[in-house]
Amino acid sequence: MEIALLGGTGDIGEGLALRWARDTDHTILIGSRMPEKARSKADAYQTQLTERGVEHDVEGYGNEEAAARGEIVVVSVPPQYASDTVEAVVPALDDGDVLVSPAVQMTRDADGFHYDPPAAGTVAEAIAAAAPAGIPVVGAFQNLAAGALTDLDNDLAADVVVTGDDGDAKEVVRSLAEDITGIRALDGGPLANTGVVESITPLLINLAMNNEGMHDLTVRFQ
Ligand SMILES: NC(=O)c1ccc[n+]([C@@H]2O[C@H](COP(=O)([O-])OP(=O)(O)OC[C@H]3O[C@@H](n4cnc5c(N)ncnc54)[C@H](OP(=O)(O)O)[C@@H]3O)[C@@H](O)[C@H]2O)c1
């Protein structure tokens, strides 16, 4: 499968790219607004994987070309740019593609981080509003700390809650999440349920900030 990571040059994009490249034989397409930056980041990810003796397929492209090639398109950009980023790649999306939102919109003040969803209800729903009809959106990975993914020596034991209205799309993303060693993916219901998943992330960051040894917390429901 070909997985495109729009803004795959950033933190969560790097983490997902390295884990999928290490744990699967999927092709990982790093996207960027600047194709040269994507190629350079892809090279850096390849070097890391090669040093570990891992076979991989990581390539760098502009966001639009990554979206055109990818069947799964992860919108891994800051939440306030998610809708514009999707709108910019709409011509590149084909029937059967699936958009994935890992995004969480938060504010920060002296007390810590606060959930601050956009007018659409959630970032996932804002992405759905920007997406063409017929391209399903799935919420996933919002509660995975990038640092927990990028440290490939870290043994993950994390749950990923997957939300969406298209059962087939949700199952594809659930299965892709579980392709990453140490991840269990759980069905969180329809896309309208994404808010409760997104809202867990500021809690995780506040816990990490206020408690020793809780850096890069992940969630496990048991
Ligand atoms: N970091 C985490 O631990 C984490 C965990 C779970 C979910 N998330 C979510 O994942 C998403 C990405 O987070 P991140 O921490 O990876 O973000 P980030 O590193 O700050 O940014 C990711 C990429 O977004 C692109 N970008 C920056 N400004 C942009 C703009 N104005 N328009 C379009 N693209 C822009 C950049 O790529 P180019 O310059 O190459 O285009 C950048 O490398 C967020 O929505 C966040 O809520 C993050």
Side-chain angles (χ1 to χ4, degrees), residues 3-20 28-45 58-67 73-90 92 99-108 113-118 120 122-128 130 137-151 154 156 158-163 173 177 180 183 185 188 194-195 197-209 214-219:
I3 305 172
L5 293 150
L6 309 183
T9 52
D11 294 337
I12 195 72
E14 175 176 1
L16 289 170
L18 289 174
R19 293 279 169 166
W20 270 320
I28 312 303
L29 310 163
I30 305 302
S32 169
R33 290 166 293 173
M34 292 150 279
E36 190 47 48
K37 180 179 173 186
R39 283 191 285 274
S40 157
K41 282 285 184 175
D43 284 351
Y45 303 163
V58 183
E59 302 164 16
Y61 298 101
N63 278 334
E64 190 163 357
E65 188 167 357
V73 180
V74 184
V75 188
S76 38
V77 302
Q80 65 272 34
Y81 308 124
S83 296
D84 285 352
T85 298
V86 169
E87 278 168 12
V89 302
V90 159
L99 286 163
V100 179
S101 174
V104 178
Q105 193 157 301
M106 294 177 280
T107 56
R108 181 183 189 177
F113 282 80
H114 309 277
Y115 183 47
D116 182 30
T122 60
V123 185
E125 288 164 297
I127 287 174
V137 177
V138 174
F141 308 115
Q142 297 97 331
N143 310 139
L144 273 183
L149 294 171
T150 51
D151 176 4
N154 175 40
L156 278 180
D159 285 337
V160 164
V161 180
V162 178
T163 54
V173 176
I180 296 175
I183 286 185
T194 309
V197 184
E198 293 181 0
S199 68
I200 292 172
T201 300
L203 169 64
L204 296 176
I205 300 172
N206 290 333
L207 291 173
M209 285 172 55
M214 292 204 146
H215 197 55
D216 292 335
L217 269 186
T218 52
V219 171

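All values reported here derive from a predicted model rather than from experimental measurement. We count ligands from 1, going down the list as the structure has it; atoms in each ligand are counted the same way. These numbers come from the heavy atoms of this one structure, side chains and all, not from hydrogens, waters or symmetry mates.
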Geometric N/O contact G10 with ligand 1, under 3.5 angstrom: yes
Distance (rounded to the nearest 0.5 Å) between I3 CD1 and W20 CH2: 4.5 Å
Under 3.5 Å: N/O of V104 near N/O of ligand 1: yes
Gap between atom CD1 of I205 and atom CE of M214 - 0.5 Å precision: 14.5 Å
Any N/O pair N143/ligand 1 closer than 3.5 Å: no
Under 3.5 Å: donor-acceptor pair, side chain of D11, backbone of G147: no
Atoms of ligand 1, numbered as shown, that sit under 4.0 Å from any heavy atom of A145: 3 (O)
Atom 11 (C) of ligand 1: the protein heavy-atom neighbour that sits closest, reported with distance to 0.1 Å: V77 O, 3.3 Å
Atoms of ligand 1 close to S32 [distance to a heavy atom under 4.0 angstrom, numbered from 1]: 38 (P), 40 (O), 41 (O)
Residue, atom name and distance, where the atom is the protein heavy atom closest to atom 39 (O) of ligand 1: K37 NZ, 2.6 Å
Residue part near ligand 1, for Q142, under 4.0 Å between non-hydrogen atoms: backbone
Pairwise distance CG(L217) to CG(L207) - rounded to 0.5 angstrom: 6.0 Å
S199 side chain vs Y115 backbone, donor-acceptor pair below 3.5 Å: no
Residue M34 vicinity, atoms of ligand 1 by number, heavy atom under 4.0 Å: 39 (O)
Test item: N63 side-chain N/O and L6 main-chain N/O as donor-acceptor pair under 3.5 Å: no
Selection from P78, A88, G15 by shortest heavy-atom distance to atom 21 (O) of ligand 1: P78
Contact check: G31 vs ligand 1, nitrogen or oxygen atoms, below 3.5 angstrom: no
Side chain, backbone, both or neither: the part of T85 lying under 4.0 Å from ligand 1 by heavy atom: side chain
Any donor-acceptor N/O pair, E125 side chain to T122 backbone, under 3.5 Å: yes
Part of P79 with heavy atoms under 4.0 Å of ligand 1, whether side chain, backbone, both or neither: both
Side-chain touch L149/I12, heavy atoms, less than 4.5 angstrom: yes
Side chain, backbone, both or neither: the part of V75 lying under 4.0 Å from ligand 1 by heavy atom: neither
Min side-chain heavy-atom separation R19-L16 under 4.5 Å: no
Euclidean distance, L144 CG relative to L156 CG, rounded to 0.5 Å: 7.0 Å
Identified side-chain contact (heavy atoms from CB on, under 4.5 Å) counterpart of T9 within the set K37, M34, R33: K37
Protein contact to atom 9 (C) of ligand 1 [nearest heavy atom, distance to 0.1 Å]: P102 O, 3.4 Å
Nearest-0.5 Å distance that lies between atom NE2 in H114 and atom CG in N206: 7.0 Å
From the candidates E198, Q105, R33, E14, the one that places a heavy atom nearest atom 36 (C) of ligand 1: R33
Proximal ligand 1 atoms for D11, defined as those under 4.0 Å from one of its heavy atoms: 1 (N), 15 (O), 16 (O), 19 (O)
Side chain, backbone, both or neither: the part of A103 lying under 4.0 Å from ligand 1 by heavy atom: both
Closest protein heavy atom (residue, atom, distance) for atom 23 (C) of ligand 1: G7 O, 3.5 Å
Which residue and heavy atom of the protein sit nearest atom 43 (O) of ligand 1, plus the separation: T9 OG1, 2.8 Å
Note, L29 side chain near E65 side chain (heavy atom, < 4.5 Å): no
Numbering as shown, the atoms of ligand 1 that approach A146 to under 4.0 Å (heavy-atom distance): 1 (N), 2 (C), 3 (O)
Short N or O distance, I12 and ligand 1, threshold 3.5 Å exclusive: yes
